[in-house]
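Worksheet: one structure, shown below.
Just so we're clear, the structure is a prediction, and the values are computed from it rather than from any experiment. Order of the sequence lines fixes the chain letters, A, B, ..., with proteins taken first and strands second; residue numbering starts at 1 for each chain.
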Amino acid sequence: MNAGSGEYLIEAHNLVRQFGSRRERVTAVDDISFGIREGEVVCLVGESGCGKTTTGKMIAGLLKPTSGQVFYMGKSVWNAKGDKGEDFKTYRLGVQIIHQDPYASLNPSHTIYKIISAPLLHHKLAANTQEALDRVIELLTIVGLSPVEDFLYKYPHQLSGGQRQRVSVARALTVNPRFIVADEAVSMVDVSIRVGLLNMMANLKRDLGVTYLFITHDLAVAKFFAWEGRIAVMYVGSIVEFASTPQLINAPLHPYSKALLAAVPEADPELTRHKQRVELRSQDIPSLLALPGGCRFHPRCPYFEPGLCDVKRPALLPAGENRYVACHIAAREVGTQA
Amino acid sequence: MKKPQTTQQMGTQVPLTVEDLWVEYQIERGVVKAVRGVSFNLAKGESLALIGESGCGKTTLGVALIRLLVKAARIPKGEITYWRDNQGLDVLSLKESELRRFRWRECAMVFQSALNAFNPVLRIWDQILDTSKAHGGMSRHQVRERAMQLLEYVQLDPRRVIDAYPHELSGGMRQRVLLAMSLLLDPQILILDEPTTALDILTQRTIIDLLRRLKEEMGFAMLFISHDLATAAELADRVATMYAGSIVEMGPVEDIFYRPAHPYTLGLIRAVPTVTGDFENLASIPGAPPDLVDPPPGCKFHPRCPYVTEQCRVKEPQLETHYSETHSVACFNVKRVQQDTLDLQERYAKYAGGKAQ
């Protein structure tokens, strides 16, 4: 079993995840590999069903890969037998996940104090209830729920979506994680307060050194949150492009990334009504049960070359400094071998 | 078809007028004032976007327009009038049996969750037929023909789709089927509640382009309800910003996006990151929307407003025209708000300059 390179805080090696019965299997995540350095923000973007949440769950240890490895601090999370490795507990405390729906992820019958103090007491991170209370107050302050007294003994239903999501973040922080998987963490929050929530999460990176895997379908949010980090674009189970955020947003290489960026409606009438479009050959996302051969994007791709794209599946290959693309055409243009 | 209930004359082509409409919900804690004194007109061929955050009353308003409100809701005051051939139809006085004929024929509504709007055990064709039986008066053959045309119009393969079950279609396809169905009885007005919200980017683009084409080619009036400013920027001729049950600003789309005059409209524009723009001036609106059972006195936005003055705390500003006859705003501090929109105005000037060249 190969070990992680140590360069990264968390690494995915050839992750595959299948679902379904023996008769009918779908591959939700199909052989993806990437690494995230300590203190870095990596965004996974893509449309629904592309496997981004499944990837996030495998990275957070909530879902076991069908094959492939996850390494946390250079150590494999699952052992050779596919069971939880020796350091599983360190890993699970070090990696936390924030879910999309703040209305479903908090126990409605517990007060905010109870929700946040439970992991503190369970993991013996607080010796007694007084210590737990002090820590809860500290955490609520960090996530911007102040004055703290207004929130401590409230129930989730008494809070707004944005406030609930802040509680979710505070709960994730109880175990001092080094790594947070945020799965569509702001999608269900009202637009007027999204930026505030994102700024708070960015401050955790600055102040506590938290590393992020940030999963979103919203390219503008990805751009805002990961401007100093990287974006991976996923399409039906694979990463098709991986680049620094400014590169990806300003000069995307993969036709799918280009199509996404050109299609995004923007809150600026003149700009959005006169944007250059990328015309796709088909509107249909392929079914995971009947994936096209060759490049999976070829039935929709405007740059499709018969005899190449429908025959050979492009690998994710380097295309310049710190950037990767899985496309025959783009690779030829930037002059790398596909 | 029934004779219209009232016979007021109306010269211009305005298929819908709403006058001082109030909607309340009775709940245990008290009365939720979900819509508070809303007035607007919808002109033929125009698209009006109602924007605002969850709980601002925009969906309640939309549902009230076709009188599909839940039992706990009541309309204590207001007028909703649909106009056809210069004859007004007073919607609030319609009986249940009359309502059924009015809905879908005069005004069709496409709901937010395209995924749940269908009966899962009926084929698309049966659902279309049901709709036409309930609201219309076409023969089976006519319905089939019209349905096939409309499905093709929304860029679906009619033969494949018409005999499919809803689960066999993707979210974007279902949304398109719903659109086709809403057009079945040739309504004058289409109300769309969050038409693109649950959809992926590329599907969203398809729907937006389709809606634009529908509007241009079929010429009916559209009312969009959305929390998404981008959809409004794409499709609206006019935009109305709603806050705490009231329209706080309404005007042509350019006025709203490039020189908003209400602090809440400006706040919303500043709160949305864009793919193309920079992050300068990006900021959340502090606080949360008010409790509509016990709203604050004065301007309902004042607890969150950076421009608040003493007057705002005691008196609620009313909509007054500004810039032009078609633009109105409910705020005491318009001048100060305007000064903070110079960057947006500059951006617009740049676009206008680009076009002139």
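- Counting only N and O atoms by type, the side chains of His327(B) and Glu249(B) include a donor and acceptor under 3.5 Å apart.
- Annotation: side chain of Val177(B) is in contact with side chain of Leu151(B) (closest heavy-atom distance under 4.5 Å).
- Atom CD of Gln163(A) is separated from atom CD1 of Ile112(A) by 9.0 Å, given to the nearest 0.5 angstrom.
- In this structure, Arg304(B) fails the cation-pi test against Tyr264(B), since its NZ or CZ atom is not both closer than 6.0 Å to the six-membered ring centre and inside 45 degrees of the ring normal.
- Within the cation-pi definition used here (under 6.0 Å to the ring centroid, within 45° of the axis), Arg323(A) does not qualify as a partner of Phe242(A).
- Here the side chains of Leu192(B) and Leu223(B) are not in contact, with every heavy-atom distance at 4.5 Å or above.
- Ion pair Glu266(A)/Lys275(A) flagged as a salt bridge, since at least one NZ, NE, NH1 or NH2 atom sits closer than 4.0 Å to an Asp/Glu carboxylate oxygen.
- Within residues 44-52 of chain A, the residues that have a heavy atom under 4.5 Å from a heavy atom of chain B are Glu47(A), Ser48(A), listed by number.
- For a residue to count as touching a neighbouring chain, one of its non-hydrogen atoms must lie under 4.5 Å from one of that chain's; by this rule Tyr258(B) touches chain A with the side chain only.
- A salt bridge between Asp183(A) and Lys57(A) is absent, with no side-chain N of the basic residue lying under 4.0 Å from a carboxylate O of the acidic one.
- Looking at Arg273(A) and Glu234(B), no side-chain N of the basic residue comes within less than 4.0 Å of a carboxylate O on the acidic one, giving no salt bridge.
- With a 6.0 Å cutoff to the six-membered ring centre and a 45° limit on the axis angle, Lys258(A) counts as a cation-pi contact of Tyr303(A).
- Neither the backbone nor the side chain of Asp228(B) comes within contact range of chain A, judged by heavy atoms closer than 4.5 Å.
- Of the listed residues (Arg205(B), Met173(B), Glu254(B)), the greatest number of heavy-atom pairs within a distance under 4.5 Å of chain A belongs to Arg205(B).
- Ranked by heavy-atom pairs under 4.5 Å with chain B, the list Asp218(A), Ile249(A), Leu198(A), Leu260(A) is led by Leu260(A).
- Neither the backbone nor the side chain of Phe225(A) comes within contact range of chain B, judged by heavy atoms closer than 4.5 Å.
- With a 4.5 angstrom heavy-atom cutoff, Arg270(B) does not touch chain A via any of its atoms.
- The contact between Leu202(B) and chain A is made by backbone and side chain atoms together, counting heavy-atom distances below 4.5 Å.
- Note: Asp268(A) leads Val221(A), Asp268(A), Leu219(A), Val264(A) in heavy-atom pairs under 4.5 Å with chain B.
- Contact annotation for Ile201(B): both backbone and side-chain heavy atoms come within less than 4.5 Å of a heavy atom of chain A.
- When the candidates Ala232(B), Pro286(B), Ala236(B) are compared by the number of heavy-atom contacts under 4.5 Å with chain A, Ala236(B) comes out ahead.
- For the set Ile256(B), Leu235(B), Thr231(B), Val272(B), the entry with the most heavy-atom pairs within less than 4.5 Å of chain A is Leu235(B).
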So Val329(B) and Val248(B), side chain to side chain contact (heavy atoms under 4.5 Å, CB included) or not? Walk me through it. CA-CA 6 Å; Val329(B) 56; Val248(B) 294; over 6 Å; no
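- Interface remark: Leu280(A) contributes side-chain atoms only to the contact with chain B (heavy atom separation under 4.5 Å).
- Ser54(B) touches chain A through backbone and side chain together, each having a heavy atom under 4.5 Å away.
- Note that CZ of Phe301(B) and SG of Cys331(B) are 9.5 Å apart. Values are rounded to the nearest 0.5 Å.
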Criterion side chain to side chain contact (heavy atoms under 4.5 Å, CB included) on Met222(B) and Leu48(B), from CA distance to verdict: CA-CA 6 Å; Met222(B) 287 189 186; Leu48(B) 171 67; over 6 Å; no
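- Chain A forms more heavy-atom pairs under 4.5 Å with one residue of Asp209(B), Val253(B), Thr276(B), Leu344(B) than with any other, namely Thr276(B).
- For a residue to count as touching a neighbouring chain, one of its non-hydrogen atoms must lie under 4.5 Å from one of that chain's; by this rule Gln204(B) touches chain A with the side chain only.
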